[in-house]
Amino acid sequence: MTAHEPLAYDAFVELAAADSAVVGLVLKGSRAHEGMTTEYSDHDLYVVLADGAKTDLTRFTGHRTPELDLVVLSLVEFRAAGMPGFERYALARAKVVFDRLDGVIAQILTSKARLGAGEAFRAASEWLDAYANSLYRSVKNDRDGHALAARLDAADSIRFLLELLFALDRRPRPYNKYLEWELARFPLPGWDTGLLLDAADHISGAGDVTTQRRLFAQVEAAARRAGHGPVLDAWGEDLYLMRPQ
């Protein structure tokens, strides 16, 4: 097998597991999310090597085909992957295919799925302010007759809102593709999943001000309970425009 030959997933897993330099194989993406695979789904596989190990498998670094995408990296690099970064959610819900370290690979994935208390608090404060900013702009633009701007700001606000809600629960936000999957299996405490998704859909599509304000009332209460009142209070009288009328 060479780096230029088509690689089958099962064949590569067998090859990698037989190499003593490989300490872990981790599958992420749609194949790690039950029920999300399609005929177009490839296998996204992390190949974790012992630190300082030498192996011919490094020739597959960057391998990418419709069936198999490989990321080859050391154990220390794997610990740091997505911490922070775009890959964090993917790794938080990834599946261990092979673990030569008696559970260490699984422990690393578990650590990525849970934000530290300080990390989560800081992130939530930032996302709350960003959410309030977009919400305020949307409502103000709607008031002033700027319909397109109001809808665009409303759509932006949902992105920041989701980041905020997951940070409040000390979890990385899922990619949009997996949002419904995630919430169906791991609901956000204190939130009705169906109502939240309906509101996100309605706000993103229509920018409805009444729905935005109603949702903000729930967000404000949750944020204040979590200790983020000062972020909201900094908005002063502008809060009245965001709240239900």
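Below 30°, between 30° and 60°, or above 60°: for F160 and W127 the angle between ring planes is below 30°, a parallel geometry. The aromatic rings of Y175 and F86 sit parallel, their planes meeting at an angle under 30°, below the 60° perpendicular limit.
The closest donor-acceptor contact from the side chain of R170 to the backbone of L115 lies under 3.5 Å. Of the possible polar contacts, one joining the T58 side chain to the T55 backbone as a donor-acceptor pair under 3.5 Å is found. Within the 3.5 Å criterion, the main-chain N or O of A150 finds no donor-acceptor partner in the side chain of D142. Between the side chain of D144 and the backbone N or O of H146 there is no donor-acceptor pair closer than 3.5 Å. Side chain of D42 to main chain of P66: no donor-acceptor pair is present (N/O by atom type, distance under 3.5 Å, no hydrogens or angles). Checking side-chain atoms of K177 against main-chain N and O of S30 turns up no donor-acceptor pair under 3.5 Å. Of the possible polar contacts, none joining the S138 side chain to the S134 backbone as a donor-acceptor pair under 3.5 Å is found. Remark: the backbone N or O of W181 is paired with a side-chain donor or acceptor of R185 at under 3.5 angstrom. Between the side chain of S157 and the backbone N or O of A154, at least one donor-acceptor pair lies under 3.5 Å. In this structure a side-chain-to-backbone donor-acceptor pair under 3.5 Å is missing from D169 to L188.
Within the 4.5 Å cutoff, side-chain heavy atoms of H33 are placed close to those of R93. Looking only at side-chain heavy atoms (C-beta outward), L49 and F78 stay at 4.5 Å or farther from each other.
With a 6.0 Å cutoff to the six-membered ring centre and a 45° limit on the axis angle, R243 counts as a cation-pi contact of Y240.
Put simply, the residue from R213, M242, Q245 that forms a side chain to side chain contact (heavy atoms under 4.5 Å, CB included) with V139 is R213. In summary, of the residues considered (L101, L75, D99, L91), a side chain to side chain contact (heavy atoms under 4.5 Å, CB included) with I108 occurs for L75 alone. For the pairing with V26, the side chain to side chain contact (heavy atoms under 4.5 Å, CB included) check across L109, V97, D44 returns one residue only, L109.
Residues passing the side chain to side chain contact (heavy atoms under 4.5 Å, CB included) test with R31, sequence neighbours excluded: L27, T37, S41, H43.
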- Checking ring pair (Phe, Tyr, Trp, His ring centres under 6.0 Å) for the pair H63/F12: CA distance, chi angles, key distance, verdict? CA-CA 12 Å; H63 177 89; F12 182 81; 7.8 Å; no
- Test V22 against V47 for side chain to side chain contact (heavy atoms under 4.5 Å, CB included), laying out the working first. CA-CA 7 Å; V22 175; V47 183; 4.2 Å; yes
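E87 and Y46 are linked by a side-chain donor-acceptor pair at a separation below 3.5 angstrom, with hydrogens and angles left out of the test. Between the side chains of E77 and S74, at least one donor-acceptor pair of N or O atoms lies under 3.5 Å. For W235 and D129, the side-chain atoms include at least one donor-acceptor pair closer than 3.5 Å.
Centroid-to-centroid, the aromatic rings of F166 and Y89 stay 6.0 Å apart or farther.
When all heavy atoms of L25 and A17 are compared, the pair lying nearest together is CD1-N, 4.5 Å.
Atom CD1 of I203 and atom CG of D153 lie 13.0 Å apart (nearest 0.5 Å). One finds the CG atom of D198 at 10.0 Å from the OG1 atom of T211 (value rounded to the nearest 0.5 Å). Between R173 atom CZ and L179 atom CG the span is 7.0 Å, to the nearest 0.5 Å. Atoms CZ and CG, from R137 and D238 in turn, are 11.0 Å apart once rounded to the nearest 0.5 Å. Atoms CG and CZ, on L70 and F60 in that order, are 8.0 Å from each other to the nearest 0.5 Å. The distance from atom CG of D19 to atom CG of L57, rounded to the nearest 0.5 Å, is 4.5 Å.
Around the CZ atom of R79, the shell of radius 6.0 Å holds no more than 12 heavy atoms that belong to other residues, nucleotides or ligands. Around CG of D56, the count of heavy atoms belonging to other residues, nucleotides or ligands within 6.0 Å does not exceed 12. Other residues, nucleotides and ligands contribute at most 12 non-hydrogen atoms within 6.0 Å of the CD atom of E34. Heavy atoms of other residues, nucleotides or ligands lying less than 6.0 angstrom from CD of E14 number 12 at most. Sparse packing is recorded around CG of D102, with 12 or fewer heavy atoms of other residues, nucleotides or ligands lying under 6.0 Å away.
With respect to the salt-bridge test (charged N to carboxylate O, under 4.0 angstrom), the residues R88 and E119 qualify. A salt bridge between D156 and R151 is absent, with no side-chain N of the basic residue lying under 4.0 Å from a carboxylate O of the acidic one. Note on R224 versus E220: salt bridge recorded, some NZ/NE/NH1/NH2 to OD/OE distance being below 4.0 Å. Between E182 and R171 a salt bridge is recorded (basic side-chain N to carboxylate O distance below 4.0 Å).
Residues V48 and V72 do not share a hydrophobic cluster, clusters being chains of Ile/Leu/Val/Met/Phe/Trp/Tyr side chains in contact below 4.5 Å. Using a 4.5 Å cut-off between side-chain heavy atoms of Ile, Leu, Val, Met, Phe, Trp and Tyr, with links allowed through other members, L68 and F98 fall into the same hydrophobic cluster. Cluster membership check: L168 shares its hydrophobic cluster with L232, using side-chain heavy-atom separations under 4.5 Å among Ile, Leu, Val, Met, Phe, Trp and Tyr. Tracing side-chain contacts under 4.5 Å through hydrophobic residues (I, L, V, M, F, W, Y), one never reaches V71 starting from Y9; they form parts of separate clusters.
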